[in-house]
Chemist: 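Before anything else, here's the structure in question.
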Amino acid sequence: MFALKAYPDKYQIETVSSELVRKYPCLKEPGSGTGHQGWTTSIKFKLGNYRSKLRQAGCNEVSVNRKRGRDEDADGGFTLTKAKRGEVNHVPDHPDNYNDDSLEEHRGILVTEMKKRSKDMDLIRSKMDLTFSLRRKEVVEVQAMVMEIQERWPALFLQEQICYEFLRITTKDLFGTFTAALDEYCPRLIKLYRARKGAFGQGMENLLDSLDEQTSDIAQQRMRMCLEGLPLFVCNSAEKLFLKCLDTDPEEKQTAGVKMGVLTVLVDDGGPTPSQMVNSIAVVLEETIVLSDLPDIPTAFVYLFGLLYALNIEFPKEHKYTFETVQHIFMGLSTSCSQRIRSLKTKLLI
């Protein structure tokens, strides 16, 4: 069980105890409604004891959840750090014959290489692979701000390395899986949007009207519209995820108050109505532009999703169902989901 998930939930433990009793009927508890309630409790405590032994042995995945002393914990309660859905390597152990100090030297080499005009991408890739355990330990344990991580791990914000980091964590191809799923579900999503556009106000109608007016690059525009309409359909805040501003606005105004989002910078032509000519598209995290000059909104969105995993950032409440749709339906990273997303998945499969 631990090899699959360090912190299984109650339902998963009950599934194991139920299967245990089904395979070995002699273990069924007499007088118990389910026949395996005692086994569920026993397995739960055995897992806890096993994690304690691994923590004492220095296993990183459970060491990050060691209870802090009174002085360290005086300002707040203890928070359990668990893997996101689909994370295979949450906080892996260091490679053999390496420790924090030796891996820190390799991190320094990475930082130096990133300062060069002509970068050795093969060297960067190999050093990022080698220092993965140190990076995850910092990201999960320290929970540093995005700007601090940018300073210590600048290579993590390369477009190529976002995809590689997502692969290291989940063993999934970020771009390939997302693009294939978006291509598959796009026609059905648009059909759902049209069928219920009256329920989602003027925002959904404007998106559908803009799609109908397109005369070129239809496939790309359909994918853009699918993503921009998704927050509206699952009753999240679209305005806080897909943002727009003018290229004449100061950068601090463009990103002010933005926790995370895709920013489209429009050309200011001086007209009475905002121009629809795109100057650039960027990814914003914690009021900081971390990626810029991206080709389109779907590309920016998939990099944003990859960065949430790479930086161990929780999905914010106002975007919860949007990212859960991508996580569960598009990327196949979880087997369980909320009732709202389960209902959407059923509609997409009809």
Side-chain angles (χ1 to χ4, degrees), residues 4-5 7-15 18 82-88 90 163 166-167 169-201 203-205 207-208 211 219-242 260-262 297-309 313-350:
L4 295 174
K5 192 172 183 180
Y7 295 90
D9 57 35
K10 181 181 178 181
Y11 171 76
Q12 291 167 331
I13 295 175
E14 284 181 352
T15 302
S18 174
K82 296 183 182 180
K84 278 189 175 65
R85 291 175 180 174
E87 286 188 350
V88 176
H90 183 49
C163 297
F166 190 82
L167 182 66
I169 296 169
T170 68
T171 71
K172 288 255 186 184
D173 175 11
L174 177 63
F175 246 95
T177 307
F178 180 84
T179 305
L182 187 59
D183 189 55
E184 177 185 354
Y185 292 118
C186 195
R188 294 176 232 178
L189 277 170
I190 293 177
K191 187 177 179 181
L192 286 173
Y193 295 169
R194 292 190 187 279
R196 298 194 56 200
K197 65 178 182 179
F200 302 110
M204 185 67 80
E205 291 194 17
L207 284 175
L208 290 167
L211 178 63
Q220 186 64 40
Q221 294 300 327
R222 285 165 67 90
M223 289 193 286
R224 175 193 63 79
M225 189 268 164
C226 278
L227 287 176
E228 290 187 342
L230 186 59
L232 295 172
F233 194 83
V234 296
C235 301
N236 277 168
S237 174
E239 296 81 7
K240 292 183 179 180
L241 183 58
F242 296 102
M260 63 180 64
V262 174
I297 286 177
T299 300
F301 183 84
V302 73
Y303 281 135
L304 172 61
F305 185 79
L307 281 169
L308 296 185
Y309 269 75
I313 297 175
E314 294 294 327
F315 301 153
K317 187 177 180 180
E318 60 264 31
H319 307 318
K320 174 187 174 183
Y321 295 113
T322 303
F323 285 117
E324 191 181 350
T325 300
V326 177
Q327 185 183 61
H328 180 73
I329 300 178
F330 287 16
M331 302 299 295
L333 289 168
S334 64
T335 55
S336 60
C337 62
S338 63
Q339 181 58 43
R340 188 177 303 185
I341 304 309
R342 191 176 299 115
S343 174
L344 173 59
K345 185 177 183 179
T346 303
K347 291 184 177 80
L348 290 174
L349 295 176
I350 292 177

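In this text the structure is predicted, and so the values were computed from the model without any measurement.
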Chemist: Give, for atom CD of Glu314 and atom NE2 of His319, the distance between the pair rounded to the nearest 0.5 Å.
Modeler: 14.0 Å
Chemist: Could you pull out the closest heavy-atom pair between Phe305 and Met331, with the gap in Å?
Modeler: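 Nearest heavy atoms, Phe305 then Met331: CE2-CG, 3.9 Å.
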Chemist: Check whether any side-chain heavy atom of Lys240 sits under 4.5 Å from a side-chain heavy atom of Pro316, and report yes or no.
Modeler: no
Chemist: I need the Thr325 OG1 to Arg340 CZ distance, nearest 0.5 Å.
Modeler: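 Between atom OG1 of Thr325 and atom CZ of Arg340 there are 9.5 Å.
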Chemist: Are the side chains of Phe323 and Leu308 in touch, meaning some heavy atoms are under 4.5 Å apart?
Modeler: yes
Chemist: What pairs of donor and acceptor atoms, side-chain ones from residues 341-350 against any protein atom, are under 3.5 angstrom apart with sequence neighbours left out?
Modeler:
residue: Arg342; atom: NH1; partner: Gln339; partner atom: OE1; Å: 2.8
residue: Arg342; atom: NH2; partner: Cys337; partner atom: O; Å: 2.8
residue: Ser343; atom: OG; partner: Lys347; partner atom: NZ; Å: 2.9
residue: Thr346; atom: OG1; partner: Arg342; partner atom: O; Å: 2.9

Chemist: Taking all atoms of both residues into account, what is the closest heavy-atom pair of Lys320 and Phe315, and its distance?
Modeler: CA-CB, 4.5 Å
Chemist: Is the closest side-chain heavy-atom distance between Met225 and Cys186 below 4.5 Å?
Modeler: no
Chemist: Using every non-hydrogen atom in the two residues, find where Cys226 and Leu182 come nearest and quote the distance to one decimal.
Modeler: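 Heavy atoms of Cys226 and Leu182 come nearest at CB-CD1, 4.2 Å.
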Chemist: What pair of heavy atoms forms the shortest contact from Val262 to Ala300, and how long is it?
Modeler: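 Shortest heavy-atom separation between Val262 and Ala300 comes out as CG1-CB, 3.7 Å.
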Chemist: Between the side chain of Gln12 and the main-chain N/O of Asp9, is any donor-acceptor distance below 3.5 Å?
Modeler: yes
Chemist: Knowing that exactly one of Phe178, Phe175, Tyr303, Tyr309 qualifies, which makes a ring-ring contact (aromatic ring centres under 6.0 Å, His included) with Phe166?
Modeler: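 Of Phe178, Phe175, Tyr303, Tyr309, ring-ring contact (aromatic ring centres under 6.0 Å, His included) with Phe166 is met by Tyr309 alone.
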Chemist: Checking the side chain of Lys172 only, and the main-chain atoms of Leu333 only, is there a donor and an acceptor separated by less than 3.5 Å?
Modeler: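 No, the answer is negative, given that no donor and acceptor are paired below the 3.5 Å cut-off.
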Chemist: Nearest 0.5 Å please: distance from the CG atom of Leu192 over to the CZ atom of Phe233.
Modeler: 4.5 Å
Chemist: Roughly how far, to the nearest 0.5 Å, is the CZ atom of Arg222 from the CG atom of Asp183?
Modeler: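 Atom-to-atom, Asp183:CG and Arg222:CZ are 9.5 Å apart.
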Chemist: Distance check, rounded to the nearest 0.5 Å: Glu228 atom CD versus Phe301 atom CZ?
Modeler: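 So the CD of Glu228 and the CZ of Phe301 are separated by 11.0 Å.
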Chemist: Taking all non-hydrogen atoms of both residues, which atom of Pro298 and which atom of Leu227 are closest, and how far apart?
Modeler: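 What the structure gives for the nearest pair is CA-CD1, 3.5 Å.
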Chemist: Once rounded to the nearest 0.5 Å, what's the spacing between atom CD1 of Ile297 and atom CZ of Phe242?
Modeler: 6.5 Å
Chemist: What do the steps show when you test Tyr321 against Ser338 for side chain to side chain contact (heavy atoms under 4.5 Å, CB included), and what is the final call?
Modeler: CA-CA 8 Å; Tyr321 295 113; Ser338 63; 3.4 Å; yes
Chemist: Over all heavy atoms of both residues, which pair between Asp173 and Leu167 is shortest? Give the atoms and the distance, please.
Modeler: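 Smallest interatomic distance, heavy atoms only, reads N-CD1, 4.2 Å.
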